[in-house]
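Below you'll find the structure, written out as structure tokens, and then a few comments.
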Amino acid sequence: MPSSGTDRLSLRRLSELAGISNPYLSQIERGLRKPSADILQQLARALHLSAETLYVRAGILDPHDDESNLERAILRDTTLTDGQRQALLEVYRSFQRERPPGDAPGRAVPPASS
């Protein structure tokens, strides 16, 4: 991240503001590491963005996805660990991919009888 321009932050300054080491942030920038939800939240705070905005910019959430409200809620939930968040997102997305082609989103499914 070049430091030229008034709205640009140097990588070093961003690492200071976010409380993330400069080498680790550099690895994220170069695509060598994937940041956890906690790291993304630290970056969002440092950049004065909502976490959801940063998730969209990072490619984690699709801005045009009608179902992203649940994904956003999962990512915002501070009672979950990073691993739990990722597991929930993976399960949710796998259910979305498995939905039959004619099955309308949002259609109520009757509870299974026991």
Side-chain angles (χ1 to χ4, degrees):
M1 295 180 186
S3 58
S4 62
T6 57
D7 60 347
R8 296 256 179 205
L9 223 59
S10 71
L11 197 59
R12 184 171 309 281
R13 181 67 180 136
L14 179 58
S15 76
E16 291 169 3
L17 292 171
I20 301 167
S21 77
N22 192 41
Y24 183 71
L25 198 54
S26 178
Q27 290 175 346
I28 292 170
E29 182 184 44
R30 293 189 321 253
L32 301 175
R33 295 212 182 244
K34 289 188 175 188
S36 68
D38 286 339
I39 295 293
L40 286 172
Q41 287 178 335
Q42 285 176 254
L43 290 169
R45 278 193 298 271
L47 295 169
H48 305 288
L49 296 172
S50 71
E52 293 86 295
T53 299
L54 192 59
Y55 297 149
V56 168
R57 290 184 185 180
I60 295 171
L61 289 179
D62 181 358
H64 304 294
D65 186 359
D66 292 336
E67 303 295 334
S68 65
N69 285 338
L70 178 58
E71 292 178 357
R72 288 179 186 156
I74 290 169
L75 289 168
R76 261 195 322 257
D77 191 332
T78 58
T79 64
L80 301 172
T81 65
D82 288 340
Q84 290 169 329
R85 285 184 193 106
Q86 291 304 315
L88 282 171
L89 288 172
E90 287 174 24
V91 169
Y92 174 70
R93 290 171 181 158
S94 73
F95 286 153
Q96 291 298 308
R97 285 189 300 271
E98 292 175 9
R99 185 173 52 217
D103 191 14
R107 193 178 88 197
V109 177
S113 56
S114 31

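Note that the structure is predicted; figures quoted are calculated from it, not measured. Each residue takes its place number in the sequence, starting with 1.
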Note to self: Pair Leu14, Ile20 - check side chain to side chain contact (heavy atoms under 4.5 Å, CB included), show working.
What the structure shows: CA-CA 8 Å; Leu14 179 58; Ile20 301 167; over 6 Å; no
So CG of Asn22 and OG of Ser10: to nearest 0.5 Å the spacing works out to 8.0 Å
Gln27 meets the side-chain contact (heavy atoms from CB on, under 4.5 Å) criterion, sequence neighbours left out, with Tyr24, Arg30, Leu32, Arg33
By salt bridge (charged side-chain N to carboxylate O under 4.0 Å, His left out), Arg76 pairs with (sequence neighbours left out) Glu52
Distance col, row Ser21:OG vs Glu16:CD, nearest 0.5 angstrom, shows 12.0 Å
Exercise for review: Test side chain to side chain contact (heavy atoms under 4.5 Å, CB included) on Leu88 and Leu70 and set out the steps.
Suggested key: CA-CA 10 Å; Leu88 282 171; Leu70 178 58; over 6 Å; no
Residues at least two apart in sequence or cross-chain that pass side-chain contact (heavy atoms from CB on, under 4.5 Å) with Arg93, listed by chain then number, are Ile60, Leu61, Glu71, Leu89, Arg97
Between Glu29 and Leu11, the two heavy atoms sitting closest are OE1-CD2, 3.5 Å
Residues joined to Phe95 in its hydrophobic cluster, side chain to side chain under 4.5 Å directly or through other members, sorted by chain and number, are Val91
CG (Leu75) and CG (Leu40) are apart, to the nearest 0.5 Å, by 8.5 Å
Sorted by chain and residue number, the side-chain contact (heavy atoms from CB on, under 4.5 Å) partners of Leu17 (sequence neighbours excluded) come out as Leu9, Arg13, Ala46
Sequence neighbours excluded, the answer for side-chain contact (heavy atoms from CB on, under 4.5 Å) partners of Asp38 is Ser36, Gln41, Asp82, Arg85
Residues at least two apart in sequence or cross-chain that pass side-chain hydrogen bond (donor to acceptor under 3.5 Å, both in side chains) with Ser94, listed by chain then number, are none
